[in-house]
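Structure, as structure tokens:
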Amino acid sequence: MTRHYNFCAGPAALPVAVLERAQAELLDFQGRGLSVMEMSHRSDEFVAIAERAESDFRHLLGVPDNYRVLFLQGGASMQFAMLPMNLLGQGGSGNFIQTGIWGKKALSEAKRLGFACHVAASSEANGHMMVPQLDEIDVSDDAAYLHYTSNETIGGLEFDYTPHVQRTDGANVPLVCDMSSNILSGPIDVSEFGVIYAGAQKNIGPAGLTMVVVRDDLVGKARATIPSLFDYKMLAEAGSMVNTPPTYAWYLAGLVFEWLKNDIGGLAEMDAMNQRKADKLYAAIDSSAFYSNPIAKHNRSRMNVPFVLADSALDKAFLQQADAAGLLNLKGHRSVGGMRASLYNAVPESAVDALIAFMADFEQTRG
Ligand SMILES: *Cc1c(COP(=O)(O)O)cnc(C)c1O
């Protein structure tokens, strides 16, 4: 068996140690004679798995006690709808910073549901090459929250600061952040946020699980007419088990949290490793006239590195040869073309080294 290097943007690579542990426990979970997939979500065994995962997640990110951690289904995209339903149930408007495709989808979903929306800042004019500065963010007087995408997965654009803003009346505007593609890539201060959410399939675990971290004062503001499965309050009160949760994905996420804690040593260590990986790849791109990445240096994503070849006629050969060399899923998103290397937590530094060596070789022989 050979494991290739996987640069997929999502569903993405998982740590080999996690897959091996899942394999070892697959048929007989800790002597119980059944797999986690076959357990009742109400069983003592599964409740222990669920609680352990939540407590490890809280420990890793330093989630304060006045935040609920939810393990949901529906993907980050379902949060695009659940957020306005939960936070605008008593009025006000959703404010949005637009830095790329995902933020745009979050806005259009809120609009589609008929909620008041305001674009507080956008990097569209610069082609999403640089995130807006703090003083360019203009929230509306009725802003109930400010939504932004900390890392735009497709464009490869990452915030290098937390955009705290106040309304003109001095009120703080709760920050809502789509962290799907950079959650757990390094330490953050959760207390700076009202809501953090992330689809699991980038940096947490397999697809099918979505994590939501929500501050207590933002829970319970939804209209009573929304479906119970969309209501943060009902979900929080039921421990994310209003109905059957994605049990196996929850278990695998728990294994990833354990791996981060025990094998990696925590998010500060993960942060340093991610920085090293990204620095190396950007340095290789910048030192070549054949490869390029146009994003402003201080906003370059550490997780998703898009790059183009000087001659796009060579794209196909690049991808074919990379694939043959065991470097998988380097094709850029269909909306932008070119290449994209996703360097999530589970992608080892050796993968980046192999990619850089391949790129240098390709440039010499074909470029
Ligand atoms: C992948 C991604 C999404 C969409 O996630 P789904 O779980 O497929 O809905 C949303 N936002 C960002 C930043 C993403 O990377």
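It should be emphasised that the depicted structure is a prediction, and the values quoted were computed from it without experimental measurement. Just follow the structure's listing: the first ligand is 1, and inside any ligand the first atom is 1.
The line from CD of Glu54 to NE2 of His59 is 14.5 Å long, rounded to the nearest 0.5 Å.
Considering Asp271, Asp279, Asp160 in turn, Asp271 is the only one that fulfils the salt bridge (charged side-chain N to carboxylate O under 4.0 Å, His left out) rule with Arg302. Test Asn274, Asn304, Asn203 against Tyr344 for side chain to side chain donor-acceptor pair (under 3.5 Å) and you get one pass: Asn304.
Every protein residue with a heavy atom nearer than 4.0 Å to ligand 1 is included here: Gly75, Ala76, Ser77, Phe80, Trp102, Thr149, Asn151, Thr153, Asp178, Ser180, Ser181, Gln201, Lys202.
The shortest heavy-atom contact between Val190 and Leu61 is CG2-O, 3.6 Å. Pairing each heavy atom of Ala249 with each of Ala207, the nearest pair is CB-O, 4.2 Å.
For an aromatic pair to be called close, the ring centres must be under 6.0 Å apart, and Phe358 with Phe318 satisfies this.
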